[in-house]
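In what follows, a structure is listed as C-alpha cells, so that the remarks can point back to it.
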Amino acid sequence: VPPLRGQNPADIVAAMQAFRSGERPSTVMGRIAKGFSDEEIRAIAAWVAEQR
Amino acid sequence: VIGTTRRAFLTGAATAAAFSPKLSLGQARPRIVVIGGGFGGATCARVLRGADRQFEVTLVEPNPTFTACPFSNVVIAGLRDIAGQRFGYDAIRAEDIAVAHDEATAVDPQAGRVSLRGGSTLDYDRLVLAPGIAIRWDALPGYNEAAAVAMPHAWLAGDQTLLLQRQLEAMADGGTVVISAPANPFRCPPGPYERASLIAYYLKKAKPRSKLIILDAKDNFSKQRLFQNAWQQLYPNLIEWVSLSNGGKVISVDAKTRTLVTDFATYKADVANVIPPQRAAGIAQLAGVTDATGWCPIDPVTFESRLQPKVHVVGDAAIAGAMPKSAFAANAEAKACAVAVAALLHGEMPSPPKLINTCYSLVAPDYGISIAGVYHPAGGQFAEVEGAGGVSPIDAPADFRALEAAYADAWFRTITAETYG
C-alpha cells in the first residue's frame, strides 16, 4: 500500500469518489467515503497532499 | 520537577512572543493543560503543540507508560505479548510538551487551576480532560476492588489483562468461562464480544471441552449478526449468549465462590470476567463536568463542557452522542478539540468538525469485522451522517475477513505511532 501523504490531490479525489460510488471495491473506505461531499473530499485531498 | 519545567518555558516566553506569527508582542503564552495520556489526551496535546508553537502545553498522566486497551483481548487469549500494548511518552516530551507524571487531584474552574498530588499546581487558560473511564464499584453488589482479583474486569488494560489471561491458562479443560457484559453506555461497545470470540478461539485449541457463557444486560450489541454468524461458523456450541430478555442481567456476584447471580439463575464459573458498569474517571467528577449519568455533556463543536467554562472533555468520558467510546473516536475527537481550542485562544470561531470512527474486532486471528461511522454536530450533539457508515457485509468471503484482520493490525500500528511514536 503506497503512503497517502504527498500524493497528487486529483488522484485522491478520484479514489474517494470511486470508493463512494462503489466503482472501486473496498472493505471500509466505501462506508466512510459516503459521508463526505465533493467539496469535503477536495479539502481532504488538498490537506493530505500537503503532508510530507 | 514540573515547577522547574514550567519556569523554563516562561523564561523563554518574552523572547519567543516577539517572533510569534499568531500572538502580538507582550501577550502571555496561552497555557493549556491536558489531563490524561491515553489516545485522546496524548493526541490532543500533540495537535495543540503543532497548532501554535507559542502554546504552553502540559500533559498530566500518572503512569510512566500507557497500556492500550485495543488488542488487549488478543493478550488475554495468549496470542500477544503485553509489551506490544505499552507505549512511553518520550516522543511527546521531545516535542516540547511538558509531561507531568503526577495525578490531578482537583480542578478549580473559576481560578483556572489544577492541583496535583505531588503538591504543585498548574494554571491554565484552557483545560482538556481526557481521563477515560472508572469502574463503578458501587453498581454491582458483591463486586469491589478485592472481588476484581478473583473475577477480573480487564477493562482497564494492564495487570487486570494479565490476571484474566493467567486464569484462563490455569483453567482445566471442561471448565466454564462466564463473561458479564454491562448495559450501555460503556467503553468499547464490541469489546465483550471480541473478547468472547478470542477466548473461544483459545478454548477450542487448548481446552476443547470447555464452554463460554455471556450474561448480558442488553438485548442487542454492536456487530451482533456478524459476531453470531462467526460464532456459529467457528465455535459451534462453544459460546452461549444470554440476552437481557432471557435473564442475562447479572444482579450480584460472589467472588469467593466465583458465582454470578441473575434474576432467574445462578452461574458458577471457573473463570469469571465481570465487565461492570462504568462512568467518567474521577477527575471529571472533581472538576464538576459530569452530570447525573456519570458522564460529561459537551458542545460538539468545541468539546467545551456544558457545565464548566474553559474545560473541554474528549474521549470515553464525554457524552459524544452517536459516537462510540473507542480509541479511534477519542483520537478523532482530540484532534477536533485541539483545533477548536486553538481557534478560541486565537479569538476565532471554531468550525463544526466532521469525524470518523472505525472499530475493528477480531473473531479469530485471521477473521476481522468492522463497524464504521461518519459524524457531525446536529441538534447540539454528534449525529451519524445518514447514508454513510455501517458494518462489514454479512456474507463476505474469507479473504475479506482476512483483509479486515490485517487492517485491524495496521490501524493499531498507525494510531499508536501517531499518538506515541
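Every chain is numbered from 1, with letters handed out A, B, ... down the list of sequences. Note that the coordinates shown come from a computational prediction; the quantities given were computed from them, not determined experimentally.
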Which atom pair, heavy atoms only, marks the closest approach of [X] to [Y]?
| X | Y | result |
| --- | --- | --- |
| B:K354 | A:G35 | NZ-O, 2.7 Å |
| B:Y407 | A:T27 | CE1-OG1, 3.2 Å |
| B:V374 | A:I32 | CG2-O, 3.6 Å |

Please determine whether the number of non-hydrogen atoms from other residues, nucleotides or ligands lying under 6.0 Å from atom [atom1] of [X] exceeds 12.
| X | atom1 | answer |
| --- | --- | --- |
| B:Q233 | CD | yes |
| B:R225 | CZ | no |
| B:E386 | CD | no |

Contacting region of B:Y375 [heavy-atom separation from chain A under 4.5 Å]: neither
Flag for A:R31-B:S370: side-chain donor and acceptor within less than 3.5 Å: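 B:S370 vs A:R31: donor-acceptor pair found between side chains.
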Side chain to side chain contact (heavy atoms under 4.5 Å, CB included) between B:V385 and A:F36, worked out: CA-CA 9 Å; B:V385 173; A:F36 294 89; over 6 Å; no
